[in-house]
Amino acid sequence: MLISSENGGGQIVSSSEDTRFYDDVACLAADWTAHTGDARAFVRISGGGWTDALGASYAQPADARTAMGSGVAAFATAADARAADRAGRALTFDDVVHMTEAQR
């Protein structure tokens, strides 16, 4: 798949595998459990910049436009995520992983 924008995207980096790139945070989360060892996930946060996916907070803003339609956006802080989320929630990366598992 061609990644046309970093916005809302992420990557999984591992010393034993090729780096994998994603154009939607939910796609990264759906693929996360297949990675083992020293794999680390990074996400592009709202407003720019990259951060470790496990330390970011996530939301589903009402106006979110994501590449694959998940509507999940990453934020630097839980307060930022709660302020943006349509239900006032701040989700963890594990929450997003579980959401993607439930949608399969």
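Nearest heavy atom pair, residue Ala59 against residue Ala81, reads CB-O, 3.3 Å. Closest approach of Ala74 and Arg44 over heavy atoms only: CB-O, 3.7 Å. Pairing each heavy atom of His35 with each of Ala39, the nearest pair is CB-CB, 3.8 Å. Nearest heavy atoms, Ala29 versus Val97: O-CG2, 3.7 Å.
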Full working for side chain to side chain contact (heavy atoms under 4.5 Å, CB included) between Phe21 and Ile12
CA-CA 7 Å; Phe21 299 94; Ile12 295 176; over 6 Å; no
Audit row: Phe42, Val13, side chain to side chain contact (heavy atoms under 4.5 Å, CB included) steps and yes/no
CA-CA 8 Å; Phe42 299 92; Val13 180; 4.1 Å; yes
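Ala73 meets the side chain to side chain contact (heavy atoms under 4.5 Å, CB included) test with Pro61, Phe75; sequence neighbours excluded. In terms of the side chain to side chain contact (heavy atoms under 4.5 Å, CB included) criterion, residue partners of His98 (sequence neighbours excluded) are, by chain and number, Asp94, Glu101. Residues meeting the side-chain hydrogen bond (donor to acceptor under 3.5 Å, both in side chains) test with Thr19, sequence neighbours left out: none. Partners of Ser15 according to the side chain to side chain contact (heavy atoms under 4.5 Å, CB included) rule, which considers only residues two or more places apart in sequence or in another chain, are Asp38. In terms of the side-chain hydrogen bond (donor to acceptor under 3.5 Å, both in side chains) criterion, residue partners of Ser70 (sequence neighbours excluded) are, by chain and number, Asp24.
Applying the salt bridge (charged side-chain N to carboxylate O under 4.0 Å, His left out) rule to pairs touching residues 80-90 yields Asp85-Arg89, sequence neighbours excluded. Contacts classified as salt bridge (charged side-chain N to carboxylate O under 4.0 Å, His left out) and involving residues 51-63 (residues at least two apart or in different chains) are given here: Arg40-Asp52.
Counting only heavy atoms from C-beta outward, the side chains of Trp50 and Ile45 never approach each other to under 4.5 Å. For the pair Val72/Met99, a side-chain contact is recorded, criterion being any heavy-atom separation below 4.5 Å from C-beta on.
From Gln11, atom CD reaches atom CG of Leu28 across 9.0 Å, with rounding to the nearest 0.5 Å.
A donor atom on one side chain and an acceptor atom on the other are not found under 3.5 Å apart for Tyr58 and Asp95.
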